[in-house]
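Okay, so here's the structure we're looking at.
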Amino acid sequence: SLSKGKIEFENVSFSYKGAVGDPVIKNFSFTCLPGQTVGIIGSTGAGKSSLIQLIPRFYDVTSGAIRVNDIDVKDWDVKELREKIAVVPQKNILFTGTVIENIRWGKEDATFEEIADASKVAEAHDFISAFPEGYETRLGQGGVNLSGGQKQRVSIARALVRKPEILILDDCTSAVDVATESRIKESLKRYAENTTCLLIAQRISSVMDADQIIVLENGEMVGYGHHEELLKSCKVYQEILQS
Ligand code: DUT
């Protein structure tokens with residue numbers, strides 16, 4: 001349908017339970033159209049992770065509404081909602097087990113071909129294949145210890161194999177070098193052509209070719225537009241570029 005992968009925030013405010021002081025997200029409104037890639041940038045503590053966690057209802061809005069595919073997330077069956085959305089969290093959550101078990105997690109019926117395809121897009125296939133036991137390599141205790149960037153790439157492959165309608169990457173290429181990150185984004189364009197992507201990042205280079213970029217500061221949207229527009233008009237964006 002035409003609304004597949006559409007996300008709308010309407011006057012969303014959010015405070016963590018029991019927290020005092022200003023809300024973490026303040027009166028945030030935004031529409032992300034199906035298939036768009038939207039970058040979210042802002043300094044540490046700006047509220048980026050909090051914002052995206054409201055979409056799969058890891059937390060609920062304090063006021064306002066979020067709609068996915070034109071339906072309020074509160075009216076979705078939570079399990080169905082979460083099946084549409086893959087979040088690659090900032091801190092990866094690989095477990096002790098083989099590489100293939102880790103990538104297949106959440107999509108138990110994935111074929112080897114699907115797993116290898118997802119891993120290629122995530123720039124993980126080559127280093128996995130170079131292990132003597134390949135995808136059967138054990139990770140963690142008694143097995144191989146991956147680097148931070150390799151763990152992030154395996155986490156991305158895990159999200160891709162689920163073929164979500166909405167893919168949320170929460171600063172999950174921070175340990176991946178810029179050239180590799182750029183190849184991942186290029187491959188993603190083809191692999192996830194019809195997938196709505198939300199891309200949280202610290203570096204401007206990570207979001208500069210997104211369809212739209214949101215600049216978040218203290219829980220508020222202080223800039224919105226393309227890279228070129230923001231360069232001209234958004235002070236916070238210019239500051240992030242220079243930092
Ligand atoms: N916060 C809490 N409880 C939590 C998580 C965060 O009170 O469980 C606060 C910390 C901060 C604000 O919410 O003042 C926003 O944090 P968030 O992690 O959403 O910000 P970010 O933009 O994602 O920061 P970073 O780039 O450091 O991940």
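We number each residue from 1, following the sequence as shown. When a ligand or atom number is given, it counts from 1 through the structure's own listing order. Side chains included, hydrogens not; waters and symmetry mates left out as well; all remaining heavy atoms used.
Contacts between Thr44 and ligand 1, counted as non-hydrogen atom pairs separated by less than 4.0 Å, involve both the backbone and the side chain. Proximity of Ser43 to ligand 1, defined as any heavy-atom pair under 4.0 Å, is confined to the backbone N, CA, C and O atoms.
Looking at ligand 1, you'll find an N or O of Gly47 within less than 3.5 Å of one of its N or O atoms. Any N or O atom pair closer than 3.5 Å counts here, and Leu51 shares no such pair with ligand 1. Checked by distance only, ligand 1 and Gly45 come closer than 3.5 Å through their nitrogen or oxygen atoms.
Ring geometry for Phe127 against Phe131 counts as perpendicular: the plane angle is over 60°, on a 0 to 90° scale with 30° as the lower cut.
The protein heavy atom nearest to atom 26 (O) of ligand 1 is Lys48 NZ, 2.8 Å. Ranking the protein heavy atoms by distance from atom 17 (P) of ligand 1 puts Ser50 OG, 3.6 Å first. Residue, atom and distance of the protein heavy atom nearest to atom 13 (O) of ligand 1 are Val24 CG2, 3.4 Å. When hydrogens are left out, the protein atom nearest atom 1 (N) of ligand 1 is Tyr16 CE1, 3.3 Å; that is the closest non-hydrogen contact.
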**Request:** Would you sort out whether Phe9 and Phe28 count as a ring-ring contact (aromatic ring centres under 6.0 Å, His included), showing the intermediate values?
**Result:** CA-CA 7 Å; Phe9 290 80; Phe28 183 90; 5.2 Å; yes

**Item:** side chain to side chain donor-acceptor pair (under 3.5 Å) between Glu165 and Asn69, worked out
**Value:** CA-CA 10 Å; Glu165 281 178 31; Asn69 301 0; 3.1 Å; yes

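Counting protein heavy atoms under 4.0 angstrom from atom 4 (C) of ligand 1 gives one or more.
With 3.5 Å as the limit, one finds a donor-acceptor pair spanning the side chains of Ser29 and Asn11. Judged by distance alone, the side chains of Tyr135 and Ser129 never bring a donor and an acceptor atom under 3.5 Å apart. There is no side-chain donor-acceptor pair under 3.5 Å between Asp171 and Ser174. Using modelled atom types and a 3.5 Å distance limit, the side chains of Thr173 and Glu181 yield a donor-acceptor pair.
Those atoms of ligand 1 with a heavy atom of Ser49 less than 4.0 angstrom away are 18 (O), 19 (O), 21 (P), 23 (O), 28 (O). Distances below 4.0 Å separate heavy atoms of Gln202 from the following atoms of ligand 1: 26 (O). Set against the non-hydrogen atoms of Gln90, the atoms of ligand 1 under 4.0 Å away are 28 (O).
Only one option out of Asp72, Leu51, Leu54 pairs with Ile66 in a side-chain contact (heavy atoms from CB on, under 4.5 Å); it is Leu54.
Ile204 is listed as a side-chain neighbour of Tyr237, based on a closest heavy-atom distance under 4.5 Å.
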